[in-house]
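Only one structure is covered here, and it is reproduced in the block below.
Counting begins at 1 with the first residue of the sequence.
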Amino acid sequence: MANQPITDVIFDFCGVLLDWQTRSCLGGRFPDDVVNRICEDSDPCGFFHYEDRMDAGEDFADIYPDVVREQGEDIAEIFRYYIEHYDDALPRTLPGMVELLADLKAHGYGVWGLTNWSHETFHFAFEKFPRLAELLDGTVVSGVEKLHKPNADIYELALSRFGLNAAQCVFFDDTAKNVAGANEVGIHGLLFENALAARESLAALGVRL
């Protein structure tokens, strides 16, 4: 594997290409104590759990009754607002990442997207940041495919659809289990920290920018 030259780089979206902040969507629109509770790492209001179900392919309309039953009407309506205004949870592209994609393309590398994201909200990413749509050669979205990282089938689908050789690909994700999933199918999975560290990791694999 190590002897094959890298030809393509695959990127996760939230936490890699995009800054994703639930608080950016809800802050100032709902009481601070409620927003703080929703955004706790322990996920007491289930926002990240319900969103993960959407990422796996479930529709909001099917999940919403569960939110009402499990969290109550008030939290459920905040969750509805969050999904309807999802673009507000995407304040910016992460520093240096648009430039990294552009440099990779300029040097002849393929650049691709592979994201756990709902089919109902993914459109916000390219609408708000059209440069990403221009730079990426293609993107696999879990909610569209009803497949989900870190399961092997979504990586294998991306490789097949894009015509890629796993041993010649690098995949960046900010979640360790998703990196492990990539490694298990033969892709060079790397845990994302920032754009500079990504460039250094690519250079160590022989990528020249």
Side-chain angles (χ1 to χ4, degrees), residues 1-20 52 54-57 90 93-94 96-119 121-127 129-209:
M1 180 188 297
N3 294 329
Q4 297 193 47
I6 299 301
T7 57
D8 296 86
V9 186
I10 308 168
F11 296 89
D12 177 35
F13 269 64
C14 292
V16 177
L17 296 178
L18 296 176
D19 192 8
W20 169 56
D52 197 52
M54 292 181 68
D55 290 351
L90 308 171
T93 55
L94 285 175
M97 293 308 293
V98 169
E99 292 82 0
L100 175 55
L101 266 61
D103 286 350
L104 284 165
K105 291 206 74 163
H107 285 80
Y109 296 95
V111 292
W112 311 90
L114 174 56
T115 180
N116 282 352
W117 201 318
S118 166
H119 72 93
T121 57
F122 179 73
H123 65 94
F124 286 124
F126 285 160
E127 288 171 5
F129 305 105
R131 183 66 172 139
L132 290 181
E134 296 170 3
L135 288 168
L136 290 167
D137 296 311
T139 299
V140 164
V141 180
S142 65
V144 173
E145 310 298 340
K146 293 182 167 54
L147 305 174
H148 201 242
K149 292 180 295 181
N151 298 330
D153 48 11
I154 193 167
Y155 303 96
E156 292 167 348
L157 172 66
L159 293 170
S160 174
R161 181 170 295 170
F162 301 148
L164 307 180
N165 174 6
Q168 294 182 287
C169 294
V170 176
F171 172 63
F172 286 104
D173 200 295
D174 63 321
T175 302
K177 65 181 180 180
N178 295 340
V179 171
N183 284 320
E184 288 174 5
V185 301
I187 299 170
H188 297 271
L190 297 173
L191 190 65
F192 180 80
E193 298 177 27
N194 56 56
L196 178 58
R199 285 180 180 268
E200 292 171 349
S201 296
L202 289 169
L205 289 169
V207 173
R208 296 289 175 254
L209 298 176

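- Between the Asp137 side chain and the Val111 main chain, a donor and an acceptor come within less than 3.5 Å of each other.
- Around atom CD of Glu193, no more than 12 heavy atoms belonging to other residues, nucleotides or ligands sit under 6.0 Å away.
- For the pair Leu202/Leu100, a side-chain contact is recorded, criterion being any heavy-atom separation below 4.5 Å from C-beta on.
- Within the 4.5 Å cutoff, side-chain heavy atoms of Leu205 are placed close to those of Val170.
- Distance CD/Glu184 to NZ/Lys177: 12.5 Å, rounded to 0.5 Å.
- Here the side chain of Lys149 pairs no donor or acceptor atom with the backbone of Thr175 at under 3.5 angstrom.
- Under a 3.5 Å cut-off, the side chain of Ser118 and the backbone N or O of Gly143 do not form any donor-acceptor pair.
- Between the side chain of Asn183 and the backbone N or O of Gly189, at least one donor-acceptor pair lies under 3.5 Å.
- Phe171 has its ring centre no less than 6.0 Å from the ring centre of Phe11.
- Put simply, the residue from Phe162, Phe172, Tyr155, Phe13 that forms a ring-ring contact (aromatic ring centres under 6.0 Å, His included) with Trp112 is Phe162.
- Under a 3.5 Å cut-off, the side chain of Asn194 and the backbone N or O of Leu196 do form a donor-acceptor pair.
- Residues Asp153 and His148 have side chains that never bring a donor and an acceptor to within less than 3.5 angstrom of each other.
- Side-chain contact between Leu17 and Leu94 is absent, with no heavy atoms from C-beta onward closer than 4.5 Å.
- Using a distance-only test at 3.5 Å, with no hydrogens or angles considered, no donor-acceptor pair links the side chain of Tyr109 to the main chain of Leu101.
- Partner of Asp55 under the side chain to side chain contact (heavy atoms under 4.5 Å, CB included) criterion, chosen from Val141, Asn116, Thr121: Asn116.
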Under the criterion side-chain contact (heavy atoms from CB on, under 4.5 Å), I'd like the reasoning laid out for Leu191 against Asp173: C-alpha separation, chi angles, the key distance, then a yes or no.
CA-CA 5 Å; Leu191 190 65; Asp173 200 295; 5.9 Å; no
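- A donor and an acceptor atom, one from each side chain of Asp8 and Gln168, are nowhere located under 3.5 Å apart.
- By the 4.0 Å N-to-carboxylate-O rule, Glu156 lies too far from Arg161 to be salt-bridged with it.
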Phe192 and Met97: CA distance, side-chain angles, deciding distance, side-chain contact (heavy atoms from CB on, under 4.5 Å) verdict | CA-CA 11 Å; Phe192 180 80; Met97 293 308 293; 3.6 Å; yes
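- With hydrogens and angles ignored, the 3.5 Å screen pairs a side-chain donor or acceptor of Lys105 with a backbone N or O of Leu135.
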